[in-house]
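So that the names make sense, note that chain A is the first sequence line, chain B the second, and so on, each numbered from 1.
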Amino acid sequence: MTERNPVARAASDIPYLRPVHGPASDADSVAHRRAEEALIVDVDGYEGPLDLLLTLARVQKVDLMKISVLHLAEQYLAFIEQARSLRIELAADYLVMAAWLAFLKSRLLLPPDPEAEGPSAEEMAAHLAFQLERLAAMRQAAAQLMGRDRLGISRFQRGSPETVAKKRRTEWQAGLIDLMRAYARLKTRDEFRPYAFDRQDVFTMEQALDRLRALIGYAGDWTDLSDFLPDGWASRGARRRSATAATFAASLELARQGRIEIRQPGPFAPISFRRKPVTDQP
Amino acid sequence: MTDPAAATADIDFPPLAQQERMVEAILFASGQPLSVRDLAARLPAGCDPADALAGLRRIYAGRGVVLERIGDGYAFRTAPDLSFLMQTETVEQRRLSRAAIETLAIIAYHQPVTRAEIEEIRGVAVSRGTLDQLIEMEWVRIGRRRMTPGRPATFVVTETFLDHFGLESARDLPGLAELRAAGLLESRPPVEGLHMPLALPEGDDDVGASEPGDDLFEDE
Amino acid sequence: MTDPAAATADIDFPPLAQQERMVEAILFASGQPLSVRDLAARLPAGCDPADALAGLRRIYAGRGVVLERIGDGYAFRTAPDLSFLMQTETVEQRRLSRAAIETLAIIAYHQPVTRAEIEEIRGVAVSRGTLDQLIEMEWVRIGRRRMTPGRPATFVVTETFLDHFGLESARDLPGLAELRAAGLLESRPPVEGLHMPLALPEGDDDVGASEPGDDLFEDE
């Protein structure tokens with residue numbers, strides 16, 4: 001294990017505590033100076049007040065379970081004081097923690113107020129101790145984790161893994177119905193009509209157009225619509241109605257195309273057509 | 001180094017079994033084959049990679065992985081008989097193209113049938129790819145040559161085809177009348193004297209362009 | 001499949017020795033752990049990878065390459081005691097910040113754990129970058145949402161994490177039982193009015209409006 005592990009170092013000693021050769025160098029006793037230096041801290045090295053508290057707790061050199069929270073609070077407050085006197089800028093959360101610990105300290109020192117609501121000072125202290133212990137445990141666990149036989153450091157995977165060829169097989173889907181439909185489509189293509197609304201007595205407009213186009217050439221003079229009706233369609237009711245309507249519609253189309261003229265003397269009067277005189281064409 | 005006496009005499013050298021483990025691990029983790037010299041450079045002093053390699057070769061003989069010599073180097077490789085495991089197959093379901101299914105239908109109903117006949121029935125040239133696909137799927141194979149000028153090849157359907165479609169023989173394919181009865185043929189024989197279609201057959205591209213009412217209302 | 005009677009009755013299944021060879025070949029060829037299901041998908045039908053895996057584990061016990069179980073998967077890895085031979089193979093590890101390592105440990109030991117819980121344990125806001133880095137390394141993934149107000153996302157460790165740290169499962173984390181016995185893994189919600197101030201991580205710009213002491217004095 002050559003890796004430098006910050007957590008491991010954190011667990012073994014007190015990191016980030018750096019002596020600062022500052023204005024406090026007038027102290028006489030070495031012990032005093034050491035204690036002072038221990039408190040003068042590169043605050044940026046701590047990850048927040050809880051981290052600082054844990055570091056301070058380690059200075060107590062007791063089991064975290066038996067830590068004196070009161071003592072810890074005093075240490076923390078002393079640290080804050082020291083930092084202030086050295087004009088070290090502290091982030092707001094350190095000051096907030098200081099206020100909270102000052103409050104906790106006063107609660108711990110005062111006799112418990114039976115009227116007071118919420119957690120007792122002891123409960124608050126116990127929780128702080130639990131938090132410190134839990135954070136220390138997680139740091140220890142992290143160090144153990146990083147010290148394991150890690151892949152790529154202690155254990156290795158196959159250096160030249162063999163590639164797995166991906167083969168794609170296509171399964172064609174076709175059922176008998178598809179086959180029959182395809183064949184039916186081919187065999188009946190000429191007569192193929194997806195939709196057939198067959199009625200015996202319908203004369204279509206396309207038929208009428210064809211007929212009218214063929215006949216209109218001969219209609220140099222006004223000719224009655226009924227004269228254009230095909231044989232067998234001029235007599236009976238439904239067939240005659242269909243043929244009349246289709247022929248009339250066809251005549252409108254031819255008129256629109258400028259090929260014929262339409263005349264009706266009055267409402268319900270007979271309708272007649274004639275070929276449009278050539279002279280009128282542009 | 002294989003002499004037991006020498007091995008016991010020189011206790012600093014790892015025993016052969018340990019050397020085998022070392023060579024095994026080094027070769028396993030290496031990205032490329034390693035020569036005896038490469039191995040010697042990585043092993044503790046006094047080790048003999050050649051002996052360890054020989055031992056490993058024996059250990060791996062007949063296993064799923066074998067120690068192979070590649071040029072000057074050694075490497076682990078999948079046993080040749082297991083190379084089929086080094087591929088994964090994914091099955092993709094796809095529908096046959098219209099051209100393929102129509103060509104297949106013509107072959108099934110008209111076999112043996114020549115390409116020219118298929119084209120005549122379909123009214124479209126049959127692409128080589130379509131027939132190749134059907135042959136590759138093993139649904140169609142080339143039958144006897146037709147005894148006509150040019151001796152064209154014919155196409156017939158295969159057993160695989162019959163299996164897939166659940167047919168005993170191609171004669172079991174339903175006839176046109178049955179298709180009609182099954183409602184697969186929707187058209188009826190043209191009514192006498194009136195075979196003007198009322199609607200264009202949808203989606204059919206074979207219909208001629210000149211319809212009577214082509215330009216009928218398009219200006220509106 | 002190990003029942004000899006069954007094996008003789010069903011001669012289509014490869015014998016166990018052959019199945020071992022196949023599993024050996026597939027696992028040797030793969031860099032990543034493969035699950036029993038992955039193996040079954042690659043083996044011929046009727047093979048039982050579990051039996052073959054048990055056999056292989058015995059064969060490879062104590063060798064230079066060992067068969068490791070990693071979560072649901074299995075993989076061959078070099079024996080840890082031979083790491084001293086592997087300088088050339090050593091992968092340059094990405095340097096993880098102290099925050100990232102602690103966050104990883106908290107997720108591993110407390111999983112599934114929410115971001116708020118990680119912050120509560122560390123006493124510091126978790127920067128988005130730290131979690132992103134762990135997720136990008138595929139050591140951590142997002143788990144189920146917690147069924148509490150706000151339905152916060154939880155974080156859990158992955159199989160890649162287990163593989164990297166040589167763990168069969170998250171239950172094998174070092175010291176897990178002791179930590180649990182000491183009550184240090186219980187989620188103990190802070191007593192009301194007892195929230196510790198939460199420090200902002202350095203250089204973190206995405207931490208929202210929550211001021212460190214947000215809820216500190218709110219009861220006062």
Task: Structural part of C:Leu56 lying under 4.5 Å from a heavy atom of chain B - done: side chain

- [ ] Go through the atoms of C:Phe76 and report whether side chain, backbone, both or neither lie under 4.5 Å from a heavy atom of chain B.
- [x] both

Is the number of heavy atoms from other residues, nucleotides or ligands within 6.0 Å of [atom1] ([X]) greater than 12?
X: C:Arg58; atom1: CZ; value: no
X: B:Asp132; atom1: CG; value: yes
X: C:Gln87; atom1: CD; value: yes
X: B:Gln93; atom1: CD; value: yes
X: B:Arg95; atom1: CZ; value: no
X: B:Glu159; atom1: CD; value: no

Which atoms of [X] are under 4.5 Å from chain C, going by heavy atoms: the side chain, the backbone, both sets, or neither?
X: B:Glu20; answer: neither
X: B:Ser83; answer: neither
X: B:Leu82; answer: side chain

Task: Interface residue of largest heavy-atom contact number with chain B, from C:Ile59, C:Leu43, C:Asp81, under 4.5 Å - done: C:Asp81

Task: Pick from B:Ser30, B:Ala17, B:Ala79 with the largest number of heavy-atom pairs that fall under 4.5 Å of chain C - done: B:Ser30

Between [X] and [Y], which heavy-atom pair has the shortest distance, and what is it?
X: C:Val65; Y: B:Glu24; answer: N-OE1, 3.6 Å
X: B:Ala25; Y: C:Gly64; answer: CB-O, 3.5 Å
X: C:Ala29; Y: B:Met86; answer: CB-SD, 3.6 Å

- [ ] Decide yes or no for C:Phe84 and B:Met22: does some side-chain heavy atom of the first lie under 4.5 Å from some side-chain heavy atom of the second?
- [x] yes

Open item on the list: Would B:Arg21 pass as a cation-pi partner of C:Tyr60, given that its NZ or CZ must be under 6.0 Å from the six-membered ring centre and within 45 degrees of the axis?
Closed with: no

- [ ] Report the distance from atom CG of C:Leu39 to atom CG of B:Leu85, rounding to the nearest 0.5 Å.
- [x] 10.0 Å

